[in-house]
Amino acid sequence: MSELSVNHLLGIKYLNKKDIQLIFETADHFKEVINRPIKKVPSLRDITIANLFFENSTRTKLSFELAEKRLSADVINFSSAQSSVKKGETLIDTVNNILSMKVDMVVMRHPNPGAGVFLSKHVKASIINAGDGAHEHPTQALLDSYSIREKLGEVGGKKVVIVGDILHSRVALSNIFALQLQGAEVMVCGPKTLLPKYINKLGVKVETNLIKALNWCDVANMLRVQNERMDISYFPSTREYTQQFGVNKELLDSLNKEITIMHPGPINRGVEITSDVADSKQAIILDQVQNGVAIRMAAIYLLASKIKQ
Amino acid sequence: MSQKVLLNAKEVNIILHRLACQLIEKHNDFSNTVLIGLQPRGVFLANRLAKILKEDYKVKNVQLGYLDITFYRDDFRRGEKPLEANSTKINFLVEDKDIVFIDDVLHTGRSIRAALTAIQSFGRPNEIELLTLIDRRFSRHLPIQPNYRGRQVDVINNEKVKVNWKENDNEDSVYLIEK
């Protein structure tokens with residue numbers, strides 16, 4: 001068995017195709033484990049993991065915590081709202097204090113892009129980026145690709161459109177890297193104001209007409225409009241956004257093929273997708289959530305195997 | 001590196017039939033028994049025994065599963081090579097069943113210890129037995145012994161026992177290899 005080419009999981013851009021394949025194959029085994037009556041294995045019983053969330057999160061934090069506990073790791077949690085970060089402590093000081101409690105691995109979400117890379121250069125623990133600003137969210141992209149592979153058999157050769165707020169989305173960037181690495185064609189679709197200026201340089205197709213995009217693709221990954229990251233108004237109204245870039249059942253039924261609908265969550269029901277689409281058989285949103293635990297177990301397990309005793 | 005033949009194809013075949021008969025003596029019609037091959041190499045032996053039981057001795061109730069113990073091993077992060085996981089296929093209930101673990105070589109006993117832990121994730125069996133083709137006595141690290149053994153051998157530390165199977169290695173044979 002090969003091993004990961006990296007010691008940290010900072011972003012998809014640091015991985016190669018073999019790494020992704022290895023993570024997927026390992027996740028297959030863990031998916032079988034988490035469907036057993038007893039869903040826990042003792043592999044990481046001597047590993048301590050700190051979940052450092054400097055930004056709010058529900059599903060990613062829960063998913064990581066569950067993955068860690070199912071691998072029998074010891075887990076400590078930190079969220080900046082109740083911490084000394086509010087008193088002006090620096091990131092390195094915060095992390096070093098935590099690491100001096102003999103922590104082996106850090107899962108970190110941070111509002112600033114590059115926070116994970118910065119940290120990996122200054123501390124000894126293995127770092128997993130659980131989202132750094134609008135930059136990358138590697139485990140989300142891995143679970144998205146894994147879910148496509150599960151639903152459609154393979155990722156290579158598939159056409160995937162990422163719809164919505166590309167500008168503020170770390171999910172979009174990581175997904176573009178991951179999908180392209182596996183040989184999928186990627187298109188982004190959204191209001192011009194929410195498409196980054198240099199998006200063409202990433203080798204993706206760009207479309208501003210949702211119907212054309214949906215007719216082109218096999219999979220549509222619907223992103224949430226991240227109002228919390230918007231400092232100005234990028235579109236006239238939510239209603240207008242929904243009319244132009246929202247997917248409803250009527251629109252899906254009007255296509256001449258059945259496409260797969262994904263969403264990284266949390267969903268703004270009735271904005272980017274309607275409830276009947278989110279709850280339809282075409283949507284694999286809950287599969288994505290379940291796969292998230294298996295993928296994170298795989299990533300943690302493979303990184304932990306590189307931490308020598 | 002030198003190697004010596006411990007068992008040839010004919011001897012392997014005789015031993016497999018003898019082991020199958022011993023299983024029938026204990027488990028009768030196998031109505032409450034399941035065979036579990038331990039990944040990766042125990043599954044070849046388990047497949048072969050299940051085939052003999054079904055085809056040669058007409059046992060109808062043979063249930064066969066594969067158990068991977070990678071995530072239960074006690075040498076994670078200790079070895080030079082990463083541990084390679086294999087698939088687990090147990091499509092039946094093990095609760096209250098009589099289980100026979102099947103592995104090709106019993107060496108230190110640590111794999112069996114891991115298997116005993118792993119099977120707990122599937123339920124509480126009534127009884128667990130161990131069948132092994134080769135029993136390397138004098139090399140045990142744990143107090144584990146087989147209920148059924150094909151051949152007991154004395155192997156010193158710089159020697160290795162290699163079991164070959166026709167379906168995977170083109171021949172049925174067992175070699176003693178000096179490293």
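The chains referred to below are lettered A, B, ... by the order of the sequence lines, with proteins before strands, and numbering in each begins at 1. Since this is a predicted model, take the numbers as computed values, not measurements.
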I'd like to know whether NZ of B:K51 has more than 12 heavy-atom contacts from other residues, nucleotides or ligands below 6.0 angstrom. no
Considering non-hydrogen atoms only, spot the tightest contact between A:P37 and B:S121 and give its length. CD-O, 3.3 Å
Atom NZ of B:K89: over 12 foreign heavy atoms under 6.0 Å: no
Within this structure, what is the CD1-CD1 distance for the pair B:I119 and A:I38, rounded to the nearest 0.5 Å? 10.5 Å
Check A:R45 against B:R73 and note the closest heavy-atom contact, atom names and distance. NH2-O, 3.9 Å
Return the NE2 to CG distance between A:H29 and B:N86, rounded to the nearest 0.5 Å. 6.0 Å
Do you know the tightest heavy-atom contact between B:F122 and A:R36? CZ-NE, 3.0 Å
Does a sphere of radius 6.0 Å around NZ in A:K40 hold more than 12 heavy atoms from other residues, nucleotides or ligands, not counting ones at 6.0 Å or beyond? yes
Nearest-0.5 Å distance that lies between atom CZ in B:F76 and atom CG in A:L44: 5.0 Å
Cut-off 4.5 Å, heavy atoms of chain A, and the answer for B:D74 is both
Roughly how far, to the nearest 0.5 Å, is the CZ atom of B:F71 from the OH atom of A:Y301? 5.0 Å
For B:K160, I'd like to know if atom NZ has over 12 heavy atoms of other residues, nucleotides or ligands within 6.0 Å. no
Flag if over 12 foreign heavy atoms under 6.0 Å of CG, A:L62: yes
Heavy-atom distances under 4.5 Å only: say whether A:K39 touches chain B with side chain, backbone, both or neither. neither
